[in-house]
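Reviewing the structure listed below.
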Amino acid sequence: MSREVSIKLPDGTLKQVAHGTRIIDFVRTQIGAGLAKAALAAKLDGKEVDLSHELTADAAIEIITLKAPEALDYIRHSAAHVVASVVQRLFPGTQVTIGPVIEDGFYYDFAAEKPFTPEDLERIEAGINEVLAADVAFTRSEMKPADAVAFFLGKGEKYKAEIIEELAAKGAETVSLYQHGDWIDLCRGPHIPSTGKIGAVKLTATSGAYWRGDHRNQMLQRIYGTAWRNKDELAAYLHRQEEAKKRDHRRLGKDLELFTFHKYAPGAAFWLPKGAILYNILSQFMRETLLGHGYDEVKTPLIFNKDLWLTSGHWDKYRENMFLVEEKEGEPAEFSLKPMNCPSHHLLFGSTRRSYRELPLRFHDQGVLHRNEERGALGGLTRVRQFQQDDAHIYLAESMIGDEIARLLTLIDRVYKVFDMTFTAGYSTRPEKFLGTAETWDRAEAALKQALDASGLPYTTNPGDGAFYGPKIDLAVADSLGRKFQLATIQLDYLAPERFDLTYIGEDGAQHRPVVIHRAIFGSFERFIALLLEHYAGALPTWLAPEQVRVVTVTENQIAWAREVMLALRARGVRATVDDSKDKLGAKIRLAQLAKVPFALVVGDKEVEAKAVAPRRFGTEDLKQMPLERFFEIIDAEARWPRIET
RNA sequence: GCCGAUGUAGCUCAGUGGUAGAGCAACGGUUUCGUAAACCGUAGGCCUCGGGUUCAAAUCCCGACAUCGGCUCCA
């Protein structure tokens, strides 16, 4: 007997097909051969399945073709399988582990005898291209977990067996396997119909990676790759990567003479004159902004006795990241450079009797911090050992948390809008090991979440990712290559007030325990500047540009007027220079553009005559000649610092 | 810290066992020029550092240091 199932197409039409019809056949016969050819996978009631999946129940169907955004995920995941099959052919004895899709590509982790060399990668890539050309079909099958474990153990694949055992422990009744050619892998799917649908694959990098990301586990060998619908897309992607590298803040820092590093001070930047200007503007901008938002700036010591860190808990939890300082040579280090400002602020809070009338009490501190990051983790300005934060600690009563967080989110949002930067927010909740009571945590999480929801900012929730002392909100910004870095943070802390025995006198005359909010908006100036530079590709807005105006003369005959213009600009606070070199005008313009100076003011005989300038704005063609007074108006308006509403 | 790659002039890079190179920048000179590179010349190096192999090392080997990519994305 033949039963029928009812399949609903995206446009609403219902089709009846025999129970057990494969999707690919359904599409070919009921929709069209063209779609059947273009199809890669399908969604049944939103669930991703292969085209070979059999229709056994009424469902709404959606066909995913090459054009769909998801297509790239399927192509990449299928490409990862091909990589693994080629690696196992070329390097017998290598075990497979996992091979997920990531942003712009995929990777596959192998338990290999030896790391893969760049030459190995070339051989593997050649093997991949053979498989793509052969257009081998992917086929799906299922097994009972116990059988699958035996199957993979029989092939010496102990990582796969471990994964299946975990799936079984979670209650999986069957696991799926995918095969192309004679190579088979445990896989959730779906896959594209055949390897020929993978247009272009390139292996991009190798690296060591710990099994399950834990450094106590065995180190696996990872191969990164990218895959696209066709060669043009791949070429376009590689071109984008090349372009992105030009925005790398390390490149820009060198080209624009902002900062440099020396191997005698790994992870600590030297700020060159132009970089120091940028750093100081941001620092002062934040100082004034926070002053306007009820913060009090403080300055606290750099070096502290270890007793402070014993009290705060850093000595136990954070000592390996602290630079210890010995007071007398040969004696055990009793001091440390501070890795964070919070403990010193707690000392300040506790240094006098506090009243509820002072709350929320906000200490802002841009003090220099040192953290002994692992050597391998250092990189540019985004991962340093010495830095300054726009750090603050807010002491308040628990009832004030909601308002304060809401205010903070508004402030953060406004600050980032000034720089035209977009961020992603993450909300992290109670970890498994936490301090305090579940009840306070519930209240704290509710307050954070409520403020976050009210703010209208989109955010992701990271359950269990909170600090052990409280939940937090983190804001991340992506660099030119799409890597995300945490900048702003808001963390609630119930523990520190306990450890430092902080109290204030309430309206009722009794002592109360405050709550602390740790928060930063830029995060560290170093990291913020890195992302700021990449965001603007080095072409900073006028108010931030270290050199705002460069007066360029056509010949040496205009040097006197050029200097007069420069001095007049400097007199009104504009950072101006003169290029009075013997270069031709074209060369001077080029240099000004390469230095990304917002305005090049051309002065020739005509301008001298008219007491005028001919401004050329960065990245544009020439502006018309104008009286110097007129240019003053333009530059004054652009050089003005943004104000953040209170 | 771990895996891999890299380290040559201020910058970008060539040079694979036999006397250290180019372009740009710098410096000197000529040119006085109207919106992205005028011309000629000069100088610049412990080839990251320390060991080793060799008649001979930037080059081969070992180690240190630094830099770069990665070490959360879970069949």
Side-chain angles (χ1 to χ4, degrees), chain A residues 77 80-81 96-103 105-107 109 112 114-118 120-121 145 148 152 157 159-168 170 172 175-178 185-189 204-224 245 248 250-251 254-255 257 260-267 320 372-380 462 465 481 483-484 552-559 582-595 600-607 614-623 625:
Chain A
H77 186 55
H81 274 231
V96 289
T97 67
I98 59 168
V101 169
I102 53 173
E103 179 112 25
F106 61 88
Y107 67 75
D109 282 347
K114 281 180 281 189
F116 298 107
T117 64
D120 292 339
L121 236 49
F152 281 104
E157 301 282 4
Y159 290 90
K160 284 290 175 191
E162 184 181 327
I163 292 165
I164 298 163
E165 275 165 0
E166 270 179 27
L167 289 169
K170 281 188 207 156
V175 296
S176 55
L177 297 96
Y178 279 82
D185 191 11
L186 173 77
C187 180
R188 181 181 44 194
T204 50
T206 57
S207 100
Y210 299 103
W211 171 235
R212 296 186 189 282
D214 190 328
H215 70 274
R216 288 164 300 194
N217 288 339
Q218 187 191 339
M219 175 156 279
L220 306 173
Q221 298 303 325
R222 176 171 297 181
I223 293 178
Y224 283 91
K245 280 183 193 157
D248 188 314
R250 290 165 296 198
R251 176 80 260 139
K254 230 173 219 167
D255 291 347
E257 300 173 323
T260 188
F261 289 89
H262 192 281
K263 74 171 183 182
Y264 288 169
E320 59 185 29
N372 195 356
E373 301 288 349
E374 289 174 336
R375 290 176 194 285
L378 299 177
N462 310 314
D465 271 1
L481 290 170
R483 297 174 295 199
K484 286 186 176 173
V552 301
T553 58
V554 176
T555 73
E556 287 178 341
N557 297 329
Q558 301 88 27
I559 289 179
K582 295 197 283 183
D583 281 335
K584 289 172 71 171
L585 179 61
K588 293 185 193 181
I589 292 289
R590 176 170 180 270
L591 289 174
Q593 297 292 307
L594 289 176
L601 295 191
V602 176
V603 299
D605 286 339
K606 284 182 277 184
E607 284 74 25
R616 172 171 167 148
R617 186 188 289 275
F618 173 77
T620 66
E621 297 304 312
D622 56 339
L623 276 99
Q625 186 196 100

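Quick caveat, the model's predicted, so the values are computed rather than measured. Each chain gets a letter, A, B and so on, in the order the sequences are listed, and its residues count up from 1.
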* With sugar-phosphate meaning primed atoms plus P, OP1 and OP2, does Ala172(A) contact a base, only sugar-phosphate, or nothing at under 4.0 Å between heavy atoms? -> nothing
* Taking atom P in both G15(B) and G69(B), compute the distance separating them and give it to the nearest angstrom. => 24 Å
* Distance between the P atoms of U12(B) and A25(B), in whole angstroms? -> 15 Å
* Is a donor on one side and an acceptor on the other found under 3.5 Å between the side chain of Lys160(A) and the backbone of Val96(A)? -> no
* Cationic N near anionic O, under 4.0 Å, Arg212(A) to Asp214(A) -> no
* **Inter-nucleotide C1' distance (G44(B), C11(B)), Å rounded** => 14 Å
* Expected output: side-chain Asp248(A) to main-chain Lys245(A) donor-acceptor under 3.5 Å -> no
* With a non-hydrogen cut-off below 4.0 angstrom, is Leu378(A) in contact with a base, only sugar-phosphate, or nothing? -> sugar-phosphate
* Looking only at side chains, do Gln558(A) and Asp605(A) share a donor and an acceptor under 3.5 Å apart? -> yes
* Asked: Which whole number of Å gives the distance between the P atom of A57(B) and that of C40(B)?
  -> 39 Å
* Touch class at under 4.0 angstrom, heavy-atom based, for Gly380(A) against every strand present -> sugar-phosphate
* Contact nearer the 5' end of RNA chain B, comparing Tyr107(A) with Lys582(A) -> Lys582(A)
* Asked: With a non-hydrogen cut-off below 4.0 angstrom, is Ile98(A) in contact with a base, only sugar-phosphate, or nothing?
  -> sugar-phosphate
* To do: Please report the closest heavy-atom contact between Ser207(A) and Tyr224(A), naming both atoms and the distance.
  => OG-CE1, 4.1 Å
* Picking from C3(B), G70(B), U32(B), which would you name as closest to the side chain of Arg222(A)? -> G70(B)
* Would you indicate whether Glu103(A), at its atom CD, is surrounded by more than 12 heavy atoms from other residues, nucleotides or ligands within a distance under 6.0 Å? => no
* To do: Go through G4(B), C73(B), G34(B) for me and flag the one nearest to the Thr206(A) side chain.
  => G4(B)
* To do: Measure from the side-chain N and O atoms of Ser176(A) to the backbone N and O of Cys187(A), and report whether any donor-acceptor pair falls under 3.5 Å.
  => yes
* Using the P atom in both, what is the distance from C47(B) to G7(B), to the nearest Å? -> 15 Å
* Asked: Whole Å only: how far is the CG atom of Leu121(A) from the P atom of C3(B)?
  -> 19 Å
* In whole angstroms, how far is the P atom of G70(B) from the CD atom of Glu103(A)? -> 13 Å
* Structure fact -> Listed range with range, the stems formed with RNA chain B by at least 3 consecutive Watson-Crick or G-U pairs (under 3.5 Å) are B:1-7 with B:65-71, B:10-13 with B:21-24, B:26-30 with B:38-42, B:48-52 with B:60-64
* Asked: Does a nitrogen or oxygen in the side chain of Arg483(A) sit under 4.0 Å from OP1 or OP2 of G70(B)?
  -> yes
* Among U31(B), A5(B), C3(B), the nucleotide that comes nearest once only the side chain of Pro118(A) is considered -> A5(B)
* Structure fact -> Whole-Å distance, Lys245(A) NZ to C13(B) P, equals 11 Å
* To do: Could you give the distance separating U31(B) and G41(B) at their C1' atoms, to the nearest angstrom?
  => 15 Å
What N/O pairs connect the protein and nucleotides 7-12 of chain B at under 3.5 Å? Give each pair on its own line.
residue	atom	partner	partner atom	Å
U12(B)	OP1	Arg251(A)	NH1	3.2

* Asked: Rounded to whole angstrom units, what separation is found between the CG atom of Asp605(A) and the C1' atom of U35(B)?
  -> 16 Å
* Does Arg616(A) reach the main-chain N or O of Thr620(A) with its side chain, forming a donor-acceptor pair under 3.5 Å? -> yes
* Asked: Which heavy atom in Phe261(A) sits nearest to a heavy atom in Gly267(A), and how many Å separate them?
  -> CE2-C, 4.3 Å
* **Residue-phosphate contact under 4.0 Å: Arg216(A) side-chain N/O, C2(B) OP1/OP2** => no
* Tell me: CD of Glu373(A) to P of A66(B), nearest whole Å? -> 14 Å
* Remember a base hit wins even if backbone is also touched, and classify Gly586(A) as base, sugar-phosphate or nothing at under 4.0 Å, heavy atoms. => sugar-phosphate
* To do: Ignoring backbone atoms, establish whether Tyr224(A) has a side-chain N or O less than 4.0 Å from OP1 or OP2 of C71(B).
  => yes
* **Minimum heavy-atom distance between Tyr178(A) and His81(A), given as atom pair plus value** => CB-CE1, 4.1 Å
* Using atom CD1 of Ile164(A) as one end and atom P of C74(B) as the other, report the distance to the nearest whole Å. => 18 Å
* Base, sugar-phosphate alone, or nothing: which one does Gly213(A) contact when heavy atoms must sit under 4.0 Å apart? -> sugar-phosphate
* **Identified side-chain contact (heavy atoms from CB on, under 4.5 Å) partner of Tyr107(A) from the options Thr204(A), Ile223(A), Ile98(A)** => Ile98(A)
* Arg375(A) side chain near A66(B) phosphate (N/O to OP1/OP2, under 4.0 Å) -> yes
* Asked: Can you name the closest pair of heavy atoms from Ala112(A) and Gln221(A) and give their distance?
  -> CB-CG, 4.1 Å
* Quiz item: Tyr210(A) side-chain donor-acceptor pair to G1(B) base, under 3.5 Å -> yes
* To do: Using the C1' atom on both, measure A64(B) against U6(B) and round to a whole Å.
  => 16 Å
* **Residue Leu594(A), side-chain atoms from C-beta onward, closest of A36(B), C74(B), U32(B)** => A36(B)
* Atom CD1 of Ile102(A) to atom P of G69(B): distance rounded to whole Å? -> 15 Å
* Structure fact -> Taken to the nearest whole Å, CE/Met219(A) to P/C2(B) is 9 Å
* Asked: Base, sugar-phosphate, or nothing for Val101(A), non-hydrogen atoms under 4.0 angstrom?
  -> sugar-phosphate
* Which part of the nucleic acid does Glu166(A) contact within heavy-atom distance under 4.0 Å: base, sugar-phosphate only, or nothing? -> nothing
* Return no unless some side-chain N or O of Arg250(A) is found under 4.0 Å from OP1 or OP2 of G69(B). => yes
* Asked: For atom P, what is the distance between U53(B) and U72(B), given to the nearest Å?
  -> 42 Å
* Smallest separation among heavy atoms of Tyr210(A) and Asn217(A), with atom names -> CD2-O, 3.6 Å
* Lys170(A) vs Thr117(A), nearer the 5' end of RNA chain B by closest nucleotide -> Thr117(A)
* Look at all strands and tell whether Ala592(A) reaches a base, only sugar-phosphate, or nothing, counting heavy atoms closer than 4.0 Å. => nothing
* Which is true for Leu167(A) with a 4.0 Å heavy-atom rule: it touches a base, it touches only sugar-phosphate, or it touches nothing? -> base
